[in-house]
J.: 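First the structure, which I've put down as structure tokens, then a few questions once you've had a look.
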Amino acid sequence: MRTLIKYLVNSNSPIESVVVKGWVRTRRDSKGFSFLEVNDGSCLTNLQVMADANTVGYKDISRFTTGASVEIYGSLVESPAKGQKWELHPTEIKLIGPADSSYPLQKKGHSLEFLRTIAHLRIRSNLFGAIFRTRSKIAYAVHKFFQDRDFVYVHTPIITASDCEGAGEMFRITTLKGNIDENPQADFFGKPTYLTVSGQLEGETFACAFSNIYTFGPTFRAENSNTARHSAEFWMIEPEIAFCDINGDMNLAEEFIKEMARYMIQNNSDDLQIFEKFVDKQVRDRLKFVIERPFVRIQYVKALEILKNSGKNFEFPVEYGANLQAEHERYLTEEHFKSPVTVYNYPREIKPFYMRLNEDGKTVAAMDLLVPGIGEVIGGSQREERLDYLLENVKYHKLSPENYWWYIDLRKYGTVPHAGFGVGFERLLMFLTGVSNIRDVIPYPRTPGNADF
RNA sequence: UCCAGAGUAGCUCAAUGGUAGAGCAGCCGGCUGUUAACCGGCGGGUUACAGGUUCGAGCCCUGUCUCUGGAGCCA
């Protein structure tokens with residue numbers, strides 16, 4: 001029976017007989033014996049294997065090169081040298097799949113840019129091993145957070161004919177050839193269809209049946225944005241809560257981000273060490289900061305006041321009706337409050353049609369959650385549950401009510417105050433790992449002009 | 001999409017308009033406990049692509065592509 005390396009390097013005692021399978025990271029030869037470093041992806045640490053002339057298969061040791069897959073039989077013993085607690089003394093080593101000298105990964109560090117060009121192999125490196133183990137664990141933590149609070153997980157459709165207004169350009173999907181707009185009725189679905197940009201509207205229908213729901217799945221934006229924070233395909237988490245207003249929404253969002261930071265520190269400390277060492281020395285401090293410091297909540301108009309009185313010379317002007325820029329958000333959280341900040345009640349004209357109009361008739365119950373070093377990590381709102389206000393707002397944003405008939409129906413049949421928010425999963429990972437490019441926290445990134453692998 | 005920068009060996013980078021080089025990796029040899037092992041040797045290039053200026057271009061000019069940083073949009 002094969003044992004994963006993470007159980008061996010964390011063992012409490014020697015083990016007489018073990019089988020290890022994995023990939024060679026490096027080999028160091030001396031006269032008559034060799035050290036192999038083997039990794040199977042189960043943890044960051046390599047297992048050191050000391051083979052010598054008594055080991056069956058040692059005559060082929062020169063073929064055990066970096067990148068080769070191996071199967072090793074032997075005993076786990078305490079290592080006499082510094083650097084590792086345990087090492088494997090093999091009775092037999094078997095080469096499963098050789099890797100010739102063209103194998104691109106070396107023992108030395110590579111640039112992230114180069115590693116992106118070999119995305120199918122970069123995952124065998126320490127850093128990307130840590131990143132994608134973290135991605136898996138945090139995905140679990142997301143589910144655990146919501147399931148522990150009785151939220152129902154909903155799989156909203158990937159293919160959609162509706163447009164979550166304001167969310168961005170959509171990818172058209174079609175089986176038609178030639179001019180696809182000539183006769184859309186002849187298309188597979190009998191109408192133009194797209195890849196989803198958000199599961200929110202469908203999520204709201206489920207919240208109006210199950211009370212608390214969340215989505216967690218892929219979304220697609222056809223925006224030609226070429227930045228370290230955007231990807232055409234990314235994963236989004238969208239909780240939706242019935243019988244809830246903007247305050248309950250902000251409570252949940254703040255609790256969520258704190259819990260993710262706490263989970264990272266408590267359950268992923270080995271990988272976090274790599275991020276601290278090679279990616280961002282401040283990442284652990286920033287996580288602690290978000291866990292320990294209370295969130296400050298301020299209204300949009302109050303944020304404008306603070307920015308205007310800051311004495312700072314911002315590149316973009318601070319005025320009512322404009323979105324807060326990255327520089328504004330970072331000033332609020334990093335310099336003024338030195339604390340995570342939630343900004344809420346934004347002007348109606350800069351927010352989408354489904355957000356709830358406040359009593360002042362000018363602002364809507366929208367909120368953005370800002371953290372130091374990153375800026376916005378969560379955006380959400382209380383939804384407009386009043387039928388007449390919603391219809392008016394559809395008109396205000398120049399949309400066609402017939403396209404949203406089922407969404408509007410929710411306000412006709414047992415309407416209820418409800419609210420929710422959206423978290424970009426990759427941006428959450430960037431916050432938790434300190435990795436600064438979204439292309440490095442998603443297995444095979446899709447960006448304008450790039451859909452390799 | 002806009003602004004700025006970059007593209008030279010497998011990787012990371014040098015090279016005043018005048019003979020394209022180093023370190024690492026790889027390969028060969030040495031070394032009785034290595035840890036990005038160490039020591040000696042060897043091979044490795046259409047300087048992103050296309051054109052132009054020049055006696056002569058990796059270097060200057062034009063275009064294209066790609067990447068990076070920043071911005072907008074946003075998650």
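Note that this is a predicted model, so its numbers are computed, not measured. A, B, ... follow the sequence lines: proteins, then strands. Residue 1 opens every chain.
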J.: Please report the distance separating the P of B/C61 from the corresponding atom of B/G17, rounded so that it comes out in whole Å.
T.: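 Straight-line distance between the two P atoms is 12 Å.
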J.: Should the ring pair A/His143 and A/Phe216 be called parallel, tilted or perpendicular, given that the plane angle runs from 0 to 90° and is split at 30 and 60?
T.: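 Aromatic pair A/His143/A/Phe216 classed tilted.
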J.: Specify the separation, in whole Å, of atom CG of A/Leu369 and atom C1' of B/C74.
T.: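 So the two atoms are 16 Å apart, to the nearest Å.
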J.: Check whether the side chains of A/Glu37 and A/Thr26 place a donor and an acceptor atom closer than 3.5 Å, and report yes or no.
T.: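 Distance-only check fails for A/Glu37 and A/Thr26.
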J.: Once you apply a heavy-atom cut-off of 4.0 Å, does A/Glu426 come out as touching a base, just sugar-phosphate, or nothing?
T.: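 If one applies the 4.0 Å heavy-atom cut-off, A/Glu426 turns out to touch nothing in the nucleic acid.
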J.: Figure out the CZ/P separation between A/Arg28 and B/A25, and round it to whole Å.
T.: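 Whole-Å distance recorded here is 13 Å.
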J.: Between B/A57 and B/G18, how many Å separate the two C1' atoms, rounded to a whole number?
T.: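 Those two atoms are separated by 10 Å.
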J.: Does B/C31 have OP1 or OP2 sitting under 4.0 Å from an N or O in the side chain of A/Lys31?
T.: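 Checking A/Lys31 against B/C31: at least one side-chain N or O falls below 4.0 Å of OP1 or OP2.
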J.: For a ring pair (Phe, Tyr, Trp, His ring centres under 6.0 Å) check, start with the C-alpha distance between A/Tyr404 and A/Tyr354, then their side-chain angles and the critical distance, and finish with the verdict.
T.: CA-CA 11 Å; A/Tyr404 299 95; A/Tyr354 50 75; 9.5 Å; no
J.: For RNA chain B, which ranges pair as stems of 3 or more consecutive Watson-Crick or G-U pairs, with both donor-acceptor distances under 3.5 Å?
T.: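 Result, WC/G-U stems under 3.5 Å: B:1-7 with B:65-71, B:10-13 with B:21-24, B:26-30 with B:38-42, B:48-52 with B:60-64.
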J.: With a non-hydrogen cut-off below 4.0 angstrom, is A/Phe425 in contact with a base, only sugar-phosphate, or nothing?
T.: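 Touches nothing.
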J.: If I take atom CG in residue A/Leu115 and atom P in nucleotide B/U68, what distance separates them, rounded to the nearest angstrom?
T.: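 Between P of B/U68 and CG of A/Leu115: 12 Å.
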J.: Within the 4.0 Å heavy-atom criterion, would you say A/Tyr103 contacts the bases, only the backbone, or no part of the nucleic acid?
T.: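 Counting heavy atoms under 4.0 Å across all strands, no contact is made by A/Tyr103.
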J.: NA contact type, A/Ser225, heavy-atom cut-off 4.0 Å: base, sugar-phosphate, or nothing?
T.: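 The answer is base, as A/Ser225 lies within the cut-off (heavy atoms under 4.0 Å) of a base atom.
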J.: Report the residue (A/Gly379 or A/Asn450) whose heavy-atom-nearest nucleotide on RNA chain B is the more 5′ of the two.
T.: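 With A/Gly379 and A/Asn450 compared, the 5'-side residue is A/Asn450.
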J.: Select one nucleotide: of B/G33, B/U32, B/U34, the one nearest the side-chain heavy atoms of A/Glu87.
T.: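 Output: B/G33.
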J.: Among the candidates B/A71, B/U68, B/G33, find the nucleotide nearest to the side-chain atoms of A/Gln48.
T.: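 The nucleotide sitting nearest to the side chain is B/G33.
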J.: Using the ring of each side chain (for Trp, its six-membered ring), is A/Phe151 parallel, tilted or perpendicular to A/Phe146, with breaks at 30° and 60°?
T.: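 Judged by the thresholds at 30° and 60°, the geometry between A/Phe151 and A/Phe146 is tilted.
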J.: Can you tell me how far C1' of B/A71 sits from NE2 of A/His328, to the nearest Å?
T.: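 In whole Å, B/A71 C1' and A/His328 NE2 are 13 Å from each other.
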J.: I want to know whether A/His328 and A/Phe316 have ring centres closer than 6.0 Å.
T.: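 When the ring centroids of A/His328 and A/Phe316 are compared, they turn out to be at least 6.0 Å apart.
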J.: Answer yes if the ring centres of A/Tyr396 and A/Phe353 are under 6.0 angstrom apart, and no otherwise.
T.: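 No.
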J.: Which nucleotide sits closest to the side chain of A/Asn437: B/G33, B/U68, B/U12?
T.: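 From the listed options, B/U68 comes nearest.
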J.: Mind checking A/Thr219 for me? I need base, sugar-phosphate or nothing, with any heavy atom below 4.0 Å counting as a touch.
T.: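 Nothing, no heavy atom under 4.0 Å.
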J.: Scan A/Asp29 against the nucleic acid and name what it touches under 4.0 Å (heavy atoms): base, sugar-phosphate only, or nothing.
T.: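 Result for A/Asp29 = base.
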J.: Under the criterion salt bridge (Lys or Arg N to Asp or Glu O under 4.0 Å), I'd like the reasoning laid out for A/Arg297 against A/Glu254: C-alpha separation, chi angles, the key distance, then a yes or no.
T.: CA-CA 10 Å; A/Arg297 280 185 199 172; A/Glu254 291 167 5; 3.0 Å; yes
J.: Mind calculating the distance between CG (A/Leu112) and P (B/U68) to the nearest angstrom?
T.: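 Going from A/Leu112 (CG) to B/U68 (P), I get 10 Å.
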J.: Could you please spell out the steps behind the salt bridge (Lys or Arg N to Asp or Glu O under 4.0 Å) verdict for A/Glu240 and A/Arg383?
T.: CA-CA 10 Å; A/Glu240 194 72 33; A/Arg383 321 305 188 189; 2.8 Å; yes
J.: CG of A/Asp452 versus C1' of B/U66: gap in Å, rounded?
T.: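 Value for this atom pair: 12 Å.
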J.: Output the single nucleotide from B/U1, B/U32, B/C74 whose closest atom is nearest the side chain of A/Asn224.
T.: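 For A/Asn224, the side-chain atoms sit closest to B/U1.
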J.: Would you call A/Arg330 and A/Glu335 a salt bridge, using N to O less than 4.0 angstrom?
T.: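 Salt bridge between A/Arg330 and A/Glu335, a charged N being under 4.0 Å from a carboxylate O: no.
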J.: Please tabulate, one pair per line, each protein N/O and nucleotide N/O from nucleotides 42-44 of chain B that are separated by under 3.5 Å, including the distance.
T.:
none

J.: Between the base of B/C11 and the side chain of A/His110, is there any donor-acceptor pair under 3.5 Å?
T.: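 Check fails, no donor-acceptor contact within cut-off.
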J.: Name the closest nucleotide to the A/His230 side chain, picking from B/G33, B/C74, B/A71.
T.: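 Nucleotide nearest to A/His230's side chain: B/C74.
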J.: Decide yes or no, distance alone: a donor-acceptor N/O pair under 3.5 angstrom between the base of B/G70 and the side-chain of A/Glu327.
T.: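 No such pair is found, so the answer is no.
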J.: Between A/Lys82 and A/Glu329, which is nearer to the 5' end of RNA chain B once each is assigned its nearest nucleotide?
T.: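 Mapping each residue to its closest nucleotide by heavy atoms, the 5'-most match is A/Lys82.
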J.: With distance as the sole criterion, do the side chain of A/Glu223 and the base of B/U1 form a donor-acceptor contact below 3.5 Å?
T.: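 Looking at the base of B/U1, it does not pair with any donor or acceptor on the side chain of A/Glu223 (distance under 3.5 Å).
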J.: Describe the nucleic acid contact of A/Gln106 in one word from base, sugar-phosphate, nothing, applying a heavy-atom distance below 4.0 Å.
T.: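 A/Gln106: base contact, heavy atoms under 4.0 Å.
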J.: Give me the ring orientation class for A/Phe35 and A/Phe33: parallel if the planes are under 30° apart, tilted from 30 to 60°, perpendicular past 60°.
T.: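 The arrangement is perpendicular - the two ring planes meet at more than 60°.
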J.: In whole Å, what separates the C1' atom of B/A15 from that of B/U47?
T.: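 One C1' to the other, the span is 11 Å.
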J.: Does any donor-acceptor pair link the side chain of A/Gln84 with the base of B/U34 at a separation under 3.5 Å?
T.: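 In this structure, the two groups form a donor-acceptor pair.
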J.: Strictly by modelled atom types, are A/Gln200 and A/Glu204 linked by a side-chain donor-acceptor pair under 3.5 Å?
T.: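 Per modelled atom types, A/Gln200 and A/Glu204 side chains form a pair under 3.5 Å.
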J.: I need the CZ-C1' distance between A/Arg221 and B/G72, as an integer number of Å.
T.: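 Rounded to whole Å, this separation is 15 Å.
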J.: For A/Phe220 and A/Phe171, take the angle between the two ring planes, folded into 0 to 90°, and tell me which bin it lands in: parallel under 30, tilted 30 to 60, perpendicular over 60.
T.: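 Judged by the thresholds at 30° and 60°, the geometry between A/Phe220 and A/Phe171 is perpendicular.
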J.: How many angstroms lie between atom NZ of A/Lys107 and atom CZ of A/Arg27, to the nearest 0.5 angstrom?
T.: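 The CZ atom of A/Arg27 is 8.0 Å from NZ of A/Lys107, to the nearest 0.5 Å.
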J.: Quick one: is B/C73 close enough that its OP1 or OP2 comes under 4.0 Å of any side-chain N or O from A/Arg229?
T.: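 Answer is no, no contact under 4.0 Å.
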J.: Just to be sure I understand the rule, does A/Glu233 reach a base, reach only the sugar-phosphate, or reach nothing, if contact means heavy atoms closer than 4.0 Å?
T.: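 A/Glu233: no heavy atom of the nucleic acid under 4.0 Å.
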J.: Remember a base hit wins even if backbone is also touched, and classify A/Pro80 as base, sugar-phosphate or nothing at under 4.0 Å, heavy atoms.
T.: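 Base, at least one base heavy atom under 4.0 Å.
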J.: What do the steps show when you test A/Asp270 against A/Asn268 for side chain to side chain contact (heavy atoms under 4.5 Å, CB included), and what is the final call?
T.: CA-CA 6 Å; A/Asp270 282 2; A/Asn268 221 9; over 6 Å; no
J.: CZ of A/Arg25 versus P of B/A36: gap in Å, rounded?
T.: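 After rounding, the reported distance stands at 14 Å.
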J.: What's the gap between B/A9 and B/G70 when it is taken at their P atoms, as a whole Å value?
T.: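 The answer is 26 Å between these two P atoms.
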J.: Which whole number of Å gives the distance between the C1' atom of B/C3 and that of B/U8?
T.: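 That atom pair is separated by 27 Å.
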J.: Could you walk me through whether A/Phe314 and A/Tyr331 pass the ring pair (Phe, Tyr, Trp, His ring centres under 6.0 Å) test, one step at a time?
T.: CA-CA 10 Å; A/Phe314 293 113; A/Tyr331 171 78; 5.8 Å; yes
J.: Between B/G33, B/U12, B/G72, spot the one nearest the side chain of A/His89, thanks.
T.: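 For the A/His89 side chain, the nearest candidate turns out to be B/G33.
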J.: By nearest atom, which of the nucleotides B/G33, B/C74, B/C11 is closest to the A/Phe114 side chain?
T.: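 Closest nucleotide to the A/Phe114 side chain: B/C11.
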J.: Output yes when a side-chain donor or acceptor of A/Ser75 lies under 3.5 Å from a complementary backbone atom of A/Ile15, and no otherwise.
T.: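 No; zero donor-acceptor contacts below 3.5 Å.
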J.: For nucleotides 2-4 of chain B, give me every protein contact, N/O to N/O, under 3.5 Å, one pair per line with atom names.
T.:
none

J.: Touch check for A/Thr117, heavy atoms < 4.0 angstrom, all strands: base, sugar-phosphate only, or nothing?
T.: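 The answer is nothing, as A/Thr117 stays clear of every strand by at least 4.0 Å.
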